[in-house]
Amino acid sequence: MARLAVNIDHIATIREARKTDVPDPVLAAGIAEMAGAECIICHLREDRRHINDRDLALLRKVIKTRLNMEMAAVDEMVKIAGDIRPDMVTLVPEKRQELTTEGGLDVKADPGHYAKVVERLAGKGIRVSFFVDPDPSQIEAAHKAGADIVEIHTGHYSNAVTEQEEEERFQRIALAVEASADMKLGISAGHGLDYWNINRFRFLPRIQEYSIGHSIMARAIIVGLDRAVRDMIGLIKGF
Ligand code: PXP
């Protein structure tokens with residue numbers, strides 16, 4: 001049965017909007033776990049625009065399930081991950097001006113670099129996931145670089161406008177899941193998933209975990225975080 005991993009960056013984004021100390025993403029992580037989330041994700045960006053070093057250190061101490069640190073594959077972040085020791089790291093491309101992670105990693109462009117990053121993280125006992133587009137050649141490159149897991153980018157599917165686009169993009173994800181399974185990789189999926197477009201994923205039972213942030217936090221503002229997390233888990237576990 002697939003698991004829900006909750007991304008709590010938005011809680012920190014609200015805090016940073018006023019440069020104050022509330023709401024606290026650490027408290028949100030506890031509530032998400034109590035509601036049934038099986039992993040907490042946070043993205044430590046180079047500009048610290050939401051999650052900061054204090055959050056990461058405290059999250060490491062209080063999280064009872066698993067901590068997934070999203071980060072760019074750069075020296076500063078590899079060092080921090082080595083000190084904090086999250087249960088896993090998800091490598092993502094990062095651009096300063098983007099509103100959120102825009103595309104998957106281009107592992108093929110620099111396989112040697114990614115292999116070295118995996119080696120350093122694995123040396124600290126950290127499992128490594130690569131956020132990649134649903135492109136079998138990128139998945140193969142991630143596999144060769146030593147990835148334990150691939151997180152398949154569902155954003156293009158989520159942004160589809162026509163039914164035909166949605167169908168084509170979903171089929172690309174389905175093929176990427178098969179390719180990942182053939183390579184014996186762990187399989188996650190995420191980006192842009194919500195309470196409606198998640199339903200099609202019942203046809204892809206090989207996906208083990210869903211990484212979801214925005215739609216859960218958007219619902220949480222209206223109905224509370226506990227209920228928003230439980231509602232999403234109800235859909236995922238009900239597949
Ligand atoms: N996976 C990755 C790699 C991401 O960067 C994000 C956004 O922070 C998510 C999943 C969650 O996406 P969303 O907030 O659209 O649910």
Side-chain angles (χ1 to χ4, degrees), residues 2-14 16 25 28-29 32 37-52 55-56 59 66-74 77 81 86 88-107 114 127-135 138-139 142 147-160 169 173 176 180 185-201 207-221 225 228-229 231-233 235-236:
R3 304 177 295 263
L4 173 64
V6 175
N7 182 311
I8 55 168
D9 293 348
H10 281 350
I11 303 286
T13 300
I14 296 173
E16 295 307 314
E38 292 177 77
C39 179
I40 301 296
I41 309 166
C42 66
H43 185 172
L44 188 69
R45 284 182 168 265
E46 291 175 270
D47 63 8
R48 309 296 195 270
R49 76 164 77 141
H50 38 55
I51 295 292
N52 60 33
D55 299 333
L56 188 65
L59 286 166
R66 284 177 297 125
L67 173 63
N68 179 354
M69 175 184 172
E70 237 180 70
M71 59 179 232
V74 297
M77 292 298 153
M88 63 184 279
V89 147
T90 299
L91 299 177
V92 295
E94 190 174 300
K95 293 189 207 124
R96 283 209 169 216
Q97 302 310 323
E98 68 189 359
L99 289 177
T100 180
T101 316
E102 282 170 356
L105 280 176
D106 188 359
V107 191
Y114 289 106
R127 283 162 64 76
V128 185
S129 176
F130 281 51
F131 182 59
V132 285
D133 287 331
D135 170 350
Q138 292 291 358
I139 292 167
D148 299 292
I149 301 159
V150 281
E151 180 180 332
I152 298 170
H153 188 353
T154 52
H156 311 293
Y157 158 77
S158 304
N159 291 334
R169 294 174 188 188
I173 294 171
S180 311
L185 288 160
I187 309 171
S188 306
H191 216 285
L193 295 176
D194 63 26
Y195 294 81
W196 292 273
N197 65 23
I198 189 78
N199 285 302
R200 248 191 129 164
F201 284 81
I207 296 178
Q208 295 148 344
E209 190 160 275
Y210 291 95
S211 303
I212 308 181
H214 183 81
S215 65
I216 291 176
M217 296 309 160
R219 181 172 288 218
I221 289 169
L225 184 55
V229 171
D231 285 353
M232 185 58 83
I233 291 173
L235 293 172
I236 290 172

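Order of listing sets the numbers, starting from 1, for every ligand and every atom in it.
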Per the side-chain contact (heavy atoms from CB on, under 4.5 Å) rule, which among Met71, Arg45, Met77 passes with Glu94? Arg45
Angle class for the His214/His10 ring planes (parallel below 30°, perpendicular above 60°, tilted otherwise)? perpendicular
Hey, which of Glu209, Glu38, Gln208 is the one that makes side chain to side chain donor-acceptor pair (under 3.5 Å) with Arg3? Glu209
Might you work through the side chain to side chain contact (heavy atoms under 4.5 Å, CB included) test for Leu4 and Ile216, ending with a clear yes or no? CA-CA 11 Å; Leu4 173 64; Ile216 291 176; 4.0 Å; yes
Can any side-chain N or O of Asp231 pair as donor or acceptor with the backbone N or O of Ala228 at less than 3.5 Å? no
Report the C-alpha separation of Asp106 and Gln138 in whole Å, then their side-chain angles, then the decisive distance to 0.1 Å, and conclude whether the side chain to side chain contact (heavy atoms under 4.5 Å, CB included) test is met. CA-CA 7 Å; Asp106 188 359; Gln138 292 291 358; 2.9 Å; yes
Atom pairs and distances, ligand 1 N/O vs protein N/O under 3.5 Å:
from	atom 1	to	atom 2	distance (Å)
ligand 1	1 (N)	Glu151	OE2	2.5
ligand 1	5 (O)	Glu70	OE1	2.9
ligand 1	5 (O)	Thr101	OG1	2.7
ligand 1	8 (O)	Asn7	ND2	3.3
ligand 1	14 (O)	His214	N	2.9
ligand 1	15 (O)	Gly192	N	2.8
ligand 1	16 (O)	Gly213	N	2.8
ligand 1	16 (O)	His214	N	3.4

